Amino acid sequence: MSQPIITRFAPSPTGYLHIGGARTALFNWAFAKSQGGQFLLRIEDTDKARSTSDAIAAILKGMDWLGLKADAEPVFQSKQKDRHVEVAEQLLANGYAYRSFATDEEIEEIRNKARADGVAARYPGRDEPIADEFLDRCVLRFKAPIEGETKISDQVQGDVVIRNDQLDDLVLLRSDGSPTYMLAVVVDDHDMGITHVIRGDDHLTNCAKQIQIYNALQWDLPVFAHIPLIHGSDGAKLSKRHGALGAEAYKAMGYLPEGMRNYLAKLGWSHGDDEIIPTDKLIEWFDLAGINKAPARFDMAKLDHFNGHYVSTSSDDDLLSSLKSLIEDNVFTPELSYSSKLIDLDVLSSNLSFLKERSKTLIELLETAAYLFKSVPLEMDAKAEKALNKDGVTDILEGVCSKFTDLQQWNRDEIEGLLKDYASEHDLKFGKIAPPLRSALTGSMVSPGIYDVIHSLGRDEVLKRLQEVIKA
RNA sequence: GCCCCCUUCGUCUAGUGGUUAGGACGCAAGAUUUUCAUUCUUGAAACAGGAGUUCGAUUCUCCUAGGGGGUGCCA
């Protein structure tokens with residue numbers, strides 16, 4: 001039996017779960033699932049000054065929304081401190097680390113000199129012991145090899161070779177005794193039995209340093225896969241300006257986790273020409289070989305396209321629960337033109353079949369459904385007003401109104417038949433009667449199909465809205 | 001500065017020495033239609049540049065340019 005695959009997503013809790021992090025998490029999750037392995041979550045909070053509990057909560061919520069469930073409780077790196085220190089001391093005992101002290105000015109001088117020489121920095125204490133008086137102010141540095149080179153065998157980047165003289169003596173333990181990220185990742189990945197490290201390629205150079213630590217510890221290396229970063233639409237680093245929002249923000253904008261997953265999966269990974277990749281296919285198809293080496297740009301228009309697909313193909317039940325969750329959050333005030341308090345979930349639920357076909361996001365869907373929750377007198381926009389002011393409109397509305405009153409069965413087919421009959425009886429083109437009806441019923445010239453509108457409103461409301469316009 | 005990575009239509013990508021360089025989003029035009037959206041059809045649109053290697057390069061090598069990352073007692 002082969003060794004089970006274990007991956008992890010290891011965000012630092014200094015902000016929300018942004019789009020790049022979400023994709024890294026998705027890749028780790030998809031890879032683990034595709035291999036029948038486990039996906040773990042580790043919160044890298046070794047920098048206590050920058051870590052916040054709000055960020056932890058946001059990341060957890062984001063993961064949850066995206067449907068990326070870890071196979072175990074999250075590991076908090078800060079809680080592994082003792083183990084990190086233990087490993088650091090082992091490194092010191094074996095001659096792979098040294099205590100170092102230098103003032104900020106001295107450090108800067110050392111770096112400037114190293115930079116001028118084109119090599120990485122080395123620090124006091126490396127070759128001779130540090131004076132006793134400084135011992136309590138020392139950091140513990142890794143004594144990185146100077147000769148030779150370090151090779152990263154990366155599943156995405158291929159073999160990347162970096163000369164050892166380019167890799168500096170990083171800090172393992174800060175002067176207050178706390179472990180740094182560089183030490184902690186190595187120890188935690190090892191202790192958690194991580195077999196595949198899939199992360200952003202901003203860690204590529206660091207990876208070489210980490211490999212040196214693995215070697216000093218005589219630990220086996222995990223498989224590395226450094227994926228390119230996501231850029232904004234202008235090619236620059238992703239920022240708030242172009243979509244580097246938290247996962248929660250995408251939920252608020254009406255995106256579905258499925259749509260997000262599909263879009264994110266396609267951003268930097270491909271499976272031939274396949275575009276629509278539902279989650280079960282993603283799990284079936286995902287592989288490291290399909291990951292692209294070039295960075296990708298974030299494109300909202302394509303996200304919309306994928307999302308629209310999932311909105312219109314989701315079952316009404318699934319859609320309703322997403323809608324409920326969105327409405328409960330009540331975070332879309334600026335997105336929606338009316339108060340979410342007016343939304344009647346039962347009404348919404350029974351009309352999802354035609355609403356979902358024309359919406360790319362849930363917000364769009366709710367916007368399309370707005371006419372359902374308005375009450376007379378309706379606010380008319382300019383174009384609707386115009387359609388109602390044409391000659392003969394009142395006659396048409398009155399005629400249709402009385403027909404509606406007598407209609408036996410209030411269903412779509414009957415309504416369609418009624419309207420068509422009315423049109424032919426009065427020798428009117430359908431284009432003459434639909435616009436004023438649409439205006440009177442929705443206050444707008446843009447709406448779902450007129451039969452759906454009429455049917456969804458119900459007889460009472462239809463008559464009420466028509467009469468309101470007729471008497472005006 | 002030094003080190004590392006990247007470069008196919010506007011965008012996401014397929015491609016792995018010989019293809020009319022394919023698909024998707026978006027865009028344009030047309031069809032359908034009661035509006036909008038959908039759907040359908042059609043169209044415009046790419047191998048960053050330069051040297052090699054080769055009978056033949058989008059594909060292999062090198063250089064240049066551009067972009068990104070690293071170079072922290074951040075992760």
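What you see is a predicted model; the values in this text were computed from it and never measured. Letters A, B, ... mirror the listed sequences (proteins, then strands); counts begin at 1.
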Euclidean distance, atom CZ of residue A:Phe134 to atom C1' of B:C73 [Å, nearest integer] | 17 Å
Atom pairs under 3.5 Å: protein N/O with N/O of nucleotides 4-6 of chain B:
| from | atom 1 | to | atom 2 | distance (Å) |
| --- | --- | --- | --- | --- |
| B:C5 | O3' | A:Gln157 | OE1 | 3.4 |
| B:C5 | O2' | A:Gln157 | OE1 | 3.0 |
| B:C6 | OP1 | A:Lys293 | NZ | 2.1 |

Please name all residues satisfying side-chain hydrogen bond (donor to acceptor under 3.5 Å, both in side chains) with A:Asn262, sequence neighbours left out, ordered by chain then number.
-> A:Tyr310
Does A:Arg141 have a side-chain nitrogen or oxygen under 4.0 Å from the phosphate oxygens OP1 or OP2 of B:C73?
-> yes
Using the ring of each side chain (for Trp, its six-membered ring), is A:Tyr250 parallel, tilted or perpendicular to A:Tyr255, with breaks at 30° and 60°?
-> tilted
Assess A:Arg141 against A:Tyr98: is NZ or CZ under 6.0 Å from the centre of the six-membered ring, and within 45 degrees of the ring's axis?
-> no
B/S/- along nucleotides 20-38 of chain B (protein heavy atoms under 4.0 Å) is --BBBS--------BBBBS
Before accepting this row, confirm whether a basic side-chain N of the pair A:Glu149/A:Lys151 lies closer than 4.0 Å to the acidic partner's carboxylate O.
-> no
Atom-to-atom span, CZ of A:Phe76 to P of B:A75 - whole angstrom | 16 Å
Taken to the nearest whole Å, OH/A:Tyr123 to P/B:U71 is 11 Å
Which whole-number value in Å describes the distance from A:Asn164 CG to B:C2 C1'?
-> 15 Å
Across all strands shown, which nucleotide pairs with B:U19 by Watson-Crick or G-U wobble geometry, both distances under 3.5 Å?
-> none
Quick one: is A:Arg174 getting a side-chain N or O under 4.0 Å of the B:A75 phosphate, OP1 or OP2?
-> yes
Listed partners of A:His196 passing side-chain contact (heavy atoms from CB on, under 4.5 Å), at least two apart | A:Ile5, A:Thr7, A:Phe31, A:Val223, A:Leu288
Which of A:Phe27, A:Trp285, A:Phe286, A:Tyr263 passes ring pair (Phe, Tyr, Trp, His ring centres under 6.0 Å) with A:Trp269? Answer is A:Phe286
So does A:Glu106 have more than 12 non-hydrogen atoms from other groups sitting under 6.0 Å from CD?
-> yes
Is there a Watson-Crick or G-U wobble partner for B:C73 with both distances under 3.5 Å, and if so, which one is it?
-> none
Restricting to pairs with a member in residues 167-192 of chain A, which pass ring-ring contact (aromatic ring centres under 6.0 Å, His included), not counting sequence neighbours?
-> A:Tyr181-A:His203, A:His190-A:Trp219
Nearest-Å distance for atom pair CH2/C1', residues A:Trp269 and B:A14 | 13 Å
When the distance from CD1 of A:Ile110 to C1' of B:U71 is rounded to whole Å, what number comes out?
-> 15 Å
Calculate the interatomic distance between A:Leu170 atom CG and B:A75 atom C1'; express it in whole Å.
-> 13 Å
A:Arg42 vs B:A75: side-chain N/O to OP1/OP2 distance below 4.0 Å | no
Check against ring pair (Phe, Tyr, Trp, His ring centres under 6.0 Å), A:Tyr451 and A:His455 = CA-CA 6 Å; A:Tyr451 311 133; A:His455 179 240; over 10 Å; no
Within a reach of under 6.0 Å around CG of A:Asp159, are more than 12 heavy atoms found that belong to other residues, nucleotides or ligands?
-> yes
Selection: residues 43-62 of chain A, any non-hydrogen atom under 4.0 Å of RNA chain B = A:Glu44, A:Thr46, A:Asp47, A:Arg50
Can you list the steps and then say if A:Leu352 with A:Leu348 is a side chain to side chain contact (heavy atoms under 4.5 Å, CB included)?
-> CA-CA 6 Å; A:Leu352 246 23; A:Leu348 199 54; 4.3 Å; yes
